2 protein chains.
Amino acid sequence: MEKISLYLVEDYFLSRASYKYSLEKFEQIEFLGDFENAQSCIDAMDKKQADIILMDLGLENMNGIEATKIIKQKYPNTKVIILTSHESENEVLACLYAGASAYALKDIPIEKLVEVIKAVNFGANWYDPHIAHIPFNSIPKPQSYEFNNLYPSSDEIKNLLTERELEVLKLLVEGKSNIEIAQEISISAHTAKAHVCSIISKLNVADRTQAAVKAVRTKLF
Amino acid sequence: MEKISLYLVEDYFLSRASYKYSLEKFEQIEFLGDFENAQSCIDAMDKKQADIILMDLGLENMNGIEATKIIKQKYPNTKVIILTSHESENEVLACLYAGASAYALKDIPIEKLVEVIKAVNFGANWYDPHIAHIPFNSIPKPQSYEFNNLYPSSDEIKNLLTERELEVLKLLVEGKSNIEIAQEISISAHTAKAHVCSIISKLNVADRTQAAVKAVRTKLF
DNA sequence: ATTTGTATTACCCATTTGGCTAATTTTTAA
DNA sequence: TTAAAAATTAGCCAAATGGGTAATACAAAT
């Protein structure tokens with residue numbers, strides 16, 4: 001069985017030594033090196049690519065999120081596992097956006113971490129149960145569970161509405177009232193209202209709030 | 001090593017037989033049963049829960065998305081792997097929203113499927129490379145990669161508003177009027193209105209539409 | 001040349017909304 | 001125990017909203 005090669009980025013010396021010591025015991029793992037900052041790891045990657053990088057977040061100079069982004073851009077085949085004690089929603093999402101395959105908290109037992117490494121190497125993702133709700137919550141809610149109208153497609157809306165109506169909808173989403181919309185695009189309040197009525201009717205919703213929510217949900221604006 | 005117990009839901013008889021035949025060869029897998037419709041599987045789950053359910057999407061009566069939702073609500077510990085030929089973005093997102101742990105396309109080799117089953121059983125997620133960009137794209141783009149200003153925080157709103165106000169805001173986002181909100185949570189229309197006013201004031205917006213947009217934009221709902 | 005679709009404006013009317021103040025009860029925290 | 005915060009209800013009022021119909025103008029398509 002092929003070994004899984006691995007780099008470790010962790011600024012705290014003792015943690016680094018401890019992980020290295022623990023991980024080297026596992027036969028399936030080939031511990032290629034450990035670094036106290038992200039740049040050293042990137043330099044090492046330029047010479048020899050690892051299958052997996054264990055990445056801390058709180059680092060000097062370049063933080064783990066930026067490092068993950070750079071590494072994934074240069075070496076998309078290398079998988080990054082975030083290994084940190086940070087649990088903030090923002091940091092988790094930013095890491096995943098940057099391309100991390102897994103997010104582990106530092107209290108993870110070493111045996112479990114090895115399982116995560118194997119799963120990630122296979123192509124899976126893994127999120128620590130404490131933060132797993134965060135990526136899950138970023139999945140948009142479908143309108144229903146029927147095949148036909150799961151999500152309103154943004155193209156659908158674009159085709160349904162006229163140019164002018166889309167213009168009005170955009171302002172509506174920005175929170176403008178009918179009168180403000182009218183002023184913005186230099187039409188009468190009556191016209192603005194007519195457009196809004198038309199939008200509401202075409203989108204098949206009850207009021208402007210739902211129209212705005214629908215537009216935002218479909219990533220139209 | 002503990003075996004991984006498994007149900008299979010697939011409407012096409014030949015596919016079902018083929019998967020059953022193939023999967024039963026693997027020692028780590030305990031094939032508990034196969035069903036041509038989702039309800040039969042749910043009924044079976046009520047008697048004996050499986051670790052993993054392989055779920056087709058296009059089924060008679062109840063489709064695989066609905067089935068996944070129901071199963072995950074009743075048995076959150078059971079993991080669902082979608083096994084289908086559908087590749088539409090909407091269906092993928094709806095499945096994941098419903099709680100599926102993995103999404104495999106039917107051309108997957110059986111050995112790979114078994115690896116997916118093992119990874120999912122461990123707690124990982126897996127998305128077929130053909131559709132992996134879909135959940136990835138649902139992760140919102142951070143404003144920067146600096147720790148401080150990654151995203152406008154939804155925690156901010158959560159802290160600002162009371163429990164009750166968050167409840168009302170959720171209904172507001174769903175497009176409910178004050179009266180409907182009142183009925184929904186069994187309070188008077190006056191109270192519902194008071195909550196909405198308070199929300200508008202606290203979020204520092206002009207009206208309910210802006211409040212809804214702000215909530216959706218910050219991924220609060 | 002005529003139809004069609006869109007944009008524009010207008011009016012009427014019932015309902016909803018948002019701002020304001022104020023009182024009572026419940027819950028929570030100090 | 002007392003004080004503060006939150007939830008509940010109420011009434012008043014001006015403004016905004018949404019539904020309906022309808023007329024005019026203009027451009028594009030048939």
Side-chain angles (χ1 to χ4, degrees), chain A residues 143 149 152-218 220-221, chain B residues 152-218 220-221:
Chain A
Q143 284 196 323
N149 53 354
S153 122
S154 78
D155 291 339
E156 211 173 287
I157 292 185
K158 277 182 193 155
N159 292 333
L160 202 58
L161 302 184
T162 66
E163 281 301 313
R164 198 56 155 171
E165 285 162 351
L166 279 171
E167 208 176 341
V168 170
L169 179 55
K170 179 164 177 281
L171 297 171
L172 192 160
V173 169
E174 287 170 12
K176 302 242 183 351
S177 71
N178 290 340
I179 294 172
E180 287 169 327
I181 291 171
Q183 288 168 346
E184 188 93 18
I185 57 178
S186 304
I187 55 177
S188 81
H190 290 288
T191 312
K193 202 183 112 172
H195 286 311
V196 170
C197 280
S198 173
I199 290 166
I200 288 170
S201 165
K202 285 184 179 177
L203 294 190
N204 197 29
V205 292
D207 54 42
R208 66 201 293 108
T209 302
Q210 283 185 59
V213 168
K214 195 160 191 168
V216 173
R217 283 253 166 86
T218 57
L220 192 56
F221 300 118
Chain B
S153 163
S154 76
D155 291 342
E156 209 173 290
I157 292 184
K158 277 183 191 154
N159 292 332
L160 203 58
L161 303 184
T162 66
E163 281 299 313
R164 197 56 154 171
E165 285 162 352
L166 280 172
E167 208 177 340
V168 170
L169 178 55
K170 179 164 176 282
L171 296 172
L172 193 159
V173 169
E174 288 171 11
K176 302 244 183 353
S177 71
N178 290 340
I179 294 173
E180 287 170 326
I181 291 170
Q183 288 168 346
E184 188 95 15
I185 57 177
S186 304
I187 56 177
S188 81
H190 289 286
T191 313
K193 202 182 112 172
H195 287 312
V196 170
C197 280
S198 174
I199 290 167
I200 289 170
S201 166
K202 284 185 179 176
L203 294 189
N204 196 29
V205 292
D207 54 42
R208 65 201 293 110
T209 301
Q210 283 185 58
V213 169
K214 194 160 193 168
V216 173
R217 282 256 164 85
T218 58
L220 191 57
F221 300 118

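So you know, we letter chains A, B, ... as the sequences are listed, proteins then strands, and number each from 1. All figures in this text were calculated on a predicted structure; none of them were measured in a lab.
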When rounded to whole Å, the CG to C1' distance for the pair A:Leu166 and C:dG5 reads 16 Å
Between B:Arg164 and B:Glu167, does any side-chain N to carboxylate O distance fall below 4.0 Å? yes
Looking only at heavy atoms, the pair that brings A:Ile199 and A:Glu165 closest together is CD1-O, 3.3 Å
So A:Thr191, base contact, sugar-phosphate only, or nothing? Heavy-atom distance under 4.0 Å. base
NZ (A:Lys170) and CD (A:Glu184) are apart, to the nearest 0.5 Å, by 8.0 Å
(request) Please answer whether the main-chain N or O of B:Ser177 pairs with a side-chain N or O of B:Glu180 as donor and acceptor at a distance below 3.5 Å. (result) yes
Tested for side-chain contact (heavy atoms from CB on, under 4.5 Å) against B:Val168, the lone hit among B:Ile185, B:Asn178, B:Thr162 is B:Ile185
- Task: Report which part of the nucleic acid B:Ala189 touches: base, sugar-phosphate, or nothing (heavy-atom distance under 4.0 Å, all strands).
- Result: nothing
Stems with DNA chain D, 3 or more Watson-Crick or G-U pairs in a row (under 3.5 Å), are C:1-30 with D:1-30
Output for pair (A:His195 NE2, A:Cys197 SG), nearest 0.5 Å, gives 11.0 Å
For B:Thr209 and A:Ala212, the nearest pair of non-hydrogen atoms, with its separation, is CG2-CB, 3.6 Å
message: C:dT8, OP1 or OP2 - any side-chain N/O from A:His195 closer than 4.0 Å?
response: yes
Atom NE2 of A:His190 and atom C1' of C:dT9 are separated, to the nearest Å, by 7 Å
So CD1 of A:Ile200 and CD of A:Gln210: to nearest 0.5 Å the spacing works out to 9.0 Å
dist A:Arg208:CZ -> A:Leu169:CG (nearest 0.5 Å) comes out at 10.5 Å
CG of B:Leu172 to CD of B:Glu174, rounded to nearest 0.5 Å, is 10.0 Å
Bounded by its outermost nucleotides with an atom under 4.0 Å from a heavy atom of chain B, the footprint on DNA chain D reads D:dA6 to D:dC12
Between protein and nucleic acid, restricted to nucleotides 14-20 of chain C and to nitrogen or oxygen atoms under 3.5 Å apart, what atom pairs and distances do you find?
from	atom 1	to	atom 2	distance (Å)
C:dT17	OP2	B:Asn178	N	3.2
C:dT17	OP2	B:Asn178	ND2	3.3
C:dG18	OP1	B:Arg208	N	2.7
C:dG18	OP2	B:Arg208	NH1	3.0
C:dG18	N7	B:Lys193	NZ	3.2
C:dG18	O6	B:Lys193	NZ	2.5
C:dG19	O6	B:Lys193	NZ	2.4

Q | Check: B:Lys214 side chain, B:Leu203 main-chain N or O, donor-acceptor pair, under 3.5 Å | A | yes
